[in-house]
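Heads up: the structure comes next, in C-alpha cells.
Just so you know, residue 1 is the first one in the sequence shown, and it goes up from there.
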Amino acid sequence: MKPTNRILQIGCDCHRKFSKITARDGDGQIVWRQRLEHSDRDVLRKQLSSWPEKTPVILEGTFGWGWLSDEMVAAGLNPHLASSSKMAAWRKARGLAKTDRTDADLLSELWSQKPRWWEVWLAPPEVRSQREWLRYRMSLVKMQTAVKNRIHAVFHRHGIIHGFSDLFGSNGRMYLSELIASGDARLPESGRLTLQGHLEILDQLRRQIAAATRVFRKQSLASPTTMRLRTLPGICWILSYTINAEIGDIKRFRSARNLCSYSLLAPCADDSAIEPGDGESPKGRHVGLIGRRTLKWAWIEAAHGAVRRKGRFRDLFDRYTNGGKRDRNRGYIVVAHELCRLAFTLLKKEVDYDPFGKHTRPGSKKKKTPSRKKTKARSKMVKSSKSRPGTGQPQDPMVAAVA
C-alpha cells in the first residue's frame, strides 16, 4: 500500500464479510486500493486508524453500513452515506458493469462533486437503535398475524364454525381452551395438538410484543418530540414512536413538502400523453416511489384515526370522497398528507397541536392587520349592505312598501 499523506477522499463498497476501498488524491488519481475483512474487528480498527484523520469516506447506503460508520467515526474519519439507487443509475448512465472494484472507484469520486446530489442522511446510533426496536416489534406483529391465520386454517380444515367476531379475545380464548380440553370429535388429535402448539406460540409472541410496547412507552415519555406528535388526532403511542424514529432530525427537511415526499405522500405523475376517459382516474399518478414506506404506513394509520373523529380532518375526508362514497383511499392519503404538513410545522416551531387554534402552513405569508380607519370604513359598508343569508339579496327592501 502506498503512503496515505496524499489522500483526499475514500470510497467504501460495503458487503457482509468484507469491504472494497479506493483512495484518491487531490487530482482525482487513485492512490491505492484495499480490502477490509470484517471477521477480525481489531485488525479492521488498525487499518482504519492508519488512514489520514478526518478524511471523508463515502459509503453506499446498503445493508450493514451502520456499524462500519461507527467504527470510522471512532477512528477519527468523516463517513458520509450515498444513495444506492442514485449510484446504480449513475453507473448505468456511464455504461459500466457492476463490480466491487467499480463501485468503490465510483464512490471515491463523489466527494469532489458539487452539489452533493448523491448524499443521504446518515442516521446517528440513537436513531438507528429506535428503528431497530421498531422493526423488532413489527416483525413480532407479523408473526402473530401469521399464527392467527394458521389457527383459522385449522378450523377451516376440520369444518369447525364459531360465532365469535374476535376469536382471540377473552371469550374466544375460553372457547379455544374448552375445545382443546373437551376432546371434540370434530377435531382429531393431530388438529388438537397443532392448535395447542399455535396457542402457546401466540401467548409467547404477545408477551414479547407487550415488552416491546413498554419500551416504546418509556422512551416516548422521555422524548418531547414523541409527546408533541401525540397531540395530533389519530396518533397513538406506537404511531408517534414510529414517526419519530423514521423522521429522525426534523431540521434536515427544508420544507413540509420535503417531509411529505420522504413519507411517500407527495403527489407525483408519470404522464405519457394518455388522456383519461370520462369517469376514469388519471393514469400514471402515484404518491412516490423512493422514501420511507414505514412512515407512509404510520401517517395513513393516523389518518384513519383522525377521520373517525369529528372535526377538520373528517370534513377534509368527506370533501374529497363525497361523504365517503368514492375514492376512500385517496381521501385517507389527503388526510395523511395534511397531518404530515401539520407535524412539520409543530416540530419546527416546537409547539403542540391546538384543535381550536389556527396553525399556519409553513411558508405561508402573514396576513396584514388593517388599520383602524380601514376597519371603520369596512364596518360602515357592511352595515349598509346587509344581505339575507343564502340569497345574496339585500336585507332591506329595494322599494318602499305600498301603503
Side-chain angles (χ1 to χ4, degrees), residues 1-132 135 248-249 252 262 290-292:
M1 185 176 67
K2 296 183 180 181
T4 59
N5 53 2
R6 295 185 297 129
I7 293 177
L8 184 65
Q9 51 195 355
I10 297 175
C12 176
D13 183 34
C14 180
H15 295 275
R16 186 170 68 90
K17 295 183 178 181
F18 66 92
S19 294
K20 285 283 188 175
I21 310 297
T22 300
R24 294 182 183 269
D25 57 13
D27 298 327
Q29 301 298 321
I30 296 178
V31 179
W32 48 259
R33 291 187 177 94
Q34 190 178 356
R35 177 185 170 108
L36 288 179
E37 296 292 343
H38 298 169
S39 56
D40 194 337
R41 194 66 66 91
D42 294 331
V43 174
L44 183 140
R45 290 169 180 167
K46 189 178 296 185
Q47 287 178 297
L48 294 177
S49 60
S50 65
W51 299 354
E53 193 174 355
K54 297 183 180 179
T55 303
V57 183
I58 296 90
L59 300 93
E60 190 173 359
T62 55
F63 188 77
W65 59 266
W67 70 270
L68 189 56
S69 66
D70 293 340
E71 293 291 346
M72 290 179 179
V73 171
L77 300 171
N78 185 18
H80 293 264
L81 202 61
S83 170
S84 57
S85 59
K86 291 181 179 179
M87 284 300 303
W90 189 40
R91 181 180 61 248
K92 186 177 180 180
R94 296 178 65 170
L96 299 175
K98 177 174 172 53
T99 62
D100 297 340
R101 180 172 175 173
T102 301
D103 287 347
D105 291 348
L106 290 176
L107 288 167
S108 63
E109 296 180 16
L110 293 176
W111 185 252
S112 57
Q113 297 193 13
K114 307 296 181 183
R116 297 180 185 173
W117 53 268
W118 47 268
E119 190 169 10
V120 294
W121 186 56
L122 192 150
E126 56 272 14
V127 175
R128 299 202 304 269
S129 177
Q130 287 181 338
R131 292 178 177 179
E132 189 168 9
R135 279 148 183 73
D249 187 5
R252 63 193 183 99
Y262 185 73
I290 300 176
R292 309 295 295 189

Decide if atom [atom1] of [X] counts as having more than 12 heavy atoms of other residues, nucleotides or ligands within a radius under 6.0 Å.
X	atom1	answer
Arg16	CZ	no
Lys17	NZ	no
Arg41	CZ	yes
Glu37	CD	yes

Any donor-acceptor pair under 3.5 Å from [X] side chain to [Y] backbone:
X	Y	answer
Gln9	Ser108	yes
Thr102	Lys98	no
Asp25	Asp27	yes

inquiry  = Quick check: do Leu110 and Met87 have side-chain heavy atoms less than 4.5 Å from each other?
reply    = yes
### Leu106 vs Leu96 side-chain heavy atoms within contact, under 4.5 Å
yes
When rounded to the nearest 0.5 angstrom, what is the spacing between [atom1] in [X] and [atom2] in [Y]?
X	Y	atom1	atom2	answer
Gln47	Ile21	CD	CD1	8.5 Å
Cys12	His80	SG	NE2	13.5 Å
Ser19	Asp13	OG	CG	7.5 Å
Asp70	Leu122	CG	CG	8.0 Å
Arg33	Lys20	CZ	NZ	9.0 Å
Asp103	Cys14	CG	SG	12.0 Å

Exercise for the section: Mind running side-chain contact (heavy atoms from CB on, under 4.5 Å) on Ile10 and Leu77 for me, showing each step along the way? Expected result: CA-CA 10 Å; Ile10 297 175; Leu77 300 171; 5.6 Å; no
Trp90 and Glu109: side-chain donor and acceptor closer than 3.5 Å?
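No, Glu109 and Trp90 have no side-chain donor paired with an acceptor closer than 3.5 Å.
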Kindly confirm or rule out a cation-pi arrangement of Lys114 over Trp111, judged by NZ or CZ under 6.0 Å from the six-membered ring centre and within 45° of its axis? yes
* To do: Check the angle between the aromatic planes of Trp67 and His38 and answer parallel, tilted or perpendicular using the 30° and 60° thresholds.
  => perpendicular
